[in-house]
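Below, read A as the first sequence line, B as the second, and so on, with proteins coming before strands; counting in each chain starts at 1. Scope of the values below: all heavy atoms of this structure, side chains included, with no hydrogens, waters or symmetry mates.
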Amino acid sequence: MSFLKIEKLKKSFGRVEVLKGIDLEIEEGGFLVLVGPSGCGKSTLLNTIAGLETITDGTISINGRSVNDLHPSERDIAMVFQSYALYPNMTVAGNIGFGMEIRGVAKAERDAAIARVAETLQIGQLLDRKPSQLSGGQRQRVAMGRALVREPQVFLFDEPLSNLDAKLRVDMRTEIKRLHQRMGTTIVYVTHDQIEAMTLATRIAVLKDGVLQQFGTPAEIYARPANLFVADFMGSPSMNLIPATLDADGADVAIVMKRDEGAPLVLPYAKNVPELAARKGEMVVFGIRPEALTDPDSADRNARHVSELDCDIEVIEPAGSDTFAVTRIGGREIVARLRADAPIIAGQKARLAFNLDKAVLFDPQTQLRIA
Amino acid sequence: MSADRMAGAGRSNKLLRALLYSVLILFAVYYLLPLYVMLVNSVKPLEEIRQGDMLSLPTLFTLEPWAKAWSSAQIGVQPTGLKPYFLNSVLMVVPAVTISTVLGALNGYILTKWRFRGDDVIFGLILLSCFIPFQIALIPAARILGMLGLAGTTTGLILIHVVYGLGFTTLFFRNYYAAFPTELVRAAQIDGASFFQIFRRILLPSSAPIIVVTVIWQFTNIWNDFLFGVSFGDFDSLPMTVALNNLVSSSGGVKEYNVHFAGAILAALPTLVVYIVSGRYFVRGLMAGAVKG
């Protein structure tokens, strides 16, 4: 049963439609990440869940109760803002306790709750400080403390890590995940960082221009992107997308890709797929992730379908744990991910293994995945 | 060689600095000269002024002119001194400054944090009131005060000054609050704080610098106002500025320049005090913000 449910949600600012009919749901204790490029409407969507923005049409319900007409404070939610939004004139304890103070919770009870949260987040020694005396990471913790102390039904996070430096961001990411595992409260989390989305989410919603592109588990979104946008947006380095032509022999399908010199590249794609074979001769976009394109020694031994081909390596980029090699197929730069000590040299030919189990095909016209 | 050049640079730097300071000091003296003349002559007996040298220090020091200006000089027809009018001004300025500042702060808060359709137009209209010359509004204002039964009262003057001040106070607070993070207001909303709780607990504590600016601006303008005071004031409500005019231009008898100078300083004193006292708070507020970031 879904805990947070959003149905046919529309939001317009004047004549501009920002959210164009969003349907989402997440089960209790789930971690829903809204991801997309800037201006896709993900923050607006979060604000409508919080009640900070009114909605034009549709319904939002939390735990079976429609919250459309409820004030933010009555929705049983807590929010962590991108800028942390700590009250500058109050101490850390004052910040965490402000909501309780407004609700008229007795001082002793308030102090106990503040102490409990401070313990969880290890900010006990900071309680008497003002926000201006805290570092970025500490402010982040206090902002989370203010949310935690409410013990809400849903936590809302609006790009909470985007103001931290790279190292701290990774630490806090882990901490948020740990916190979620321990408390099991439902979370909705907005980010433009697809790695954050992949690592944190139990469900990802990819948005673009106010339209939901795909909604699924991180694994689904990564392995079976619904369209070219999702394929390109999720994953780093992003998926190789190569223009190709379909060829068929009976119901067996092969992919034909042009090369700058020499014969076209032909990869047997799948056997006995009549629907796909019916598209013989049509243009497609062949998508393969860098890790599915590697040196033959590193190729997945369990894969049913691996083809090896010689490719011209243009550039190699050693990244420590892996080596990325850039080659060129179908007029596109293609990135392959090899093991760190793979014996390849820039400017020479190298044998690359294509794991076709992991490959996907898109229709260039509709942009949708067809296989 | 580079040391030479640096020494040379240091020398010319010093020279430039000396030049700069002498120009600044010259300007300061020029601006302070009238104040000096007023101060010196307000503590001289009248005969000494008559002898002609306005710039010399008093040979016989006396506070008589100050006492006279304050409590017994002829203002219009009454020998009351400036005292009752000083009180009139205080009774007018304090409520007018307070009310216009509070309303301006509320306007700024609403115009930036509780946006509504057409708020820009409303703000534009409020802003427009800053550009309306006082003289245009005199007759309509007189009509309205008459209709409200407030003609000639301090309350009437307060109303006029509040209405006239609103444009500026709203402008000050709106621009200040426009830079105030809206996420704080949203966080407070989620915490359940009401419209006024957010204003009082979140915005006001961070507003000290703009409150000081607004108070200085409003206090100076309203205290120094002459036109509204002379147009709408009565004996019970005439402000200090009008009384000073009456003191100086009272016909008959000799012109008591020393009393006039003392009266003028008395009239200017409150604004001076406001500048000195709150000006320091203003700077302190800015510095605190700068250090804490």
Proximal component of Ile77(A), with respect to chain B [non-hydrogen, under 4.5 Å]: both
With a 4.5 angstrom heavy-atom cut-off, could you sort out which part of Glu101(A) is near chain B: side chain, backbone, both or neither? side chain
Under 4.5 Å from a heavy atom of chain B, the part of Met100(A) involved: neither
Consider side-chain contact (heavy atoms from CB on, under 4.5 Å). Of Val33(A), Ile6(A), Leu45(A), Val154(A), which one does Val188(A) pass it with? Val154(A)
Specify which of Ile202(B), Val185(B), Thr182(B), Asp191(B) makes the most heavy-atom pairs with chain A at under 4.5 Å. Asp191(B)
Given that the side chain runs from C-beta out, which part of Gln197(B) has a heavy atom under 4.5 Å from chain A: side chain, backbone, both or neither? side chain
Between Lys113(B) and Tyr177(B), which heavy-atom pair has the shortest distance, and what is it? NZ-O, 3.0 Å
Walk me through whether Glu159(A) and Lys42(A) qualify under salt bridge (charged side-chain N to carboxylate O under 4.0 Å, His left out). CA-CA 10 Å; Glu159(A) 308 210 16; Lys42(A) 56 192 189 296; 3.8 Å; yes
Most contact-rich option vs chain B, by heavy-atom pairs under 4.5 angstrom, among Gly51(A), Pro72(A), Ser83(A), Ala143(A), is Ser83(A)
Please examine the side chains of Gln140(A) and Pro160(A), heavy atoms only from C-beta on, and report whether any two atoms are closer than 4.5 Å. yes
Does any heavy atom of chain B fall under 4.5 Å from the side chain of Arg146(A), the backbone, both, or neither of them? side chain
Taking Arg201(B)'s backbone N and O only, do any of them form a donor-acceptor pair with Asn89(A)'s side chain (distance below 3.5 Å, no angle check)? yes
Are the side chain of Thr191(A) and the backbone N or O of Asp193(A) linked by a donor-acceptor pair below 3.5 Å? yes
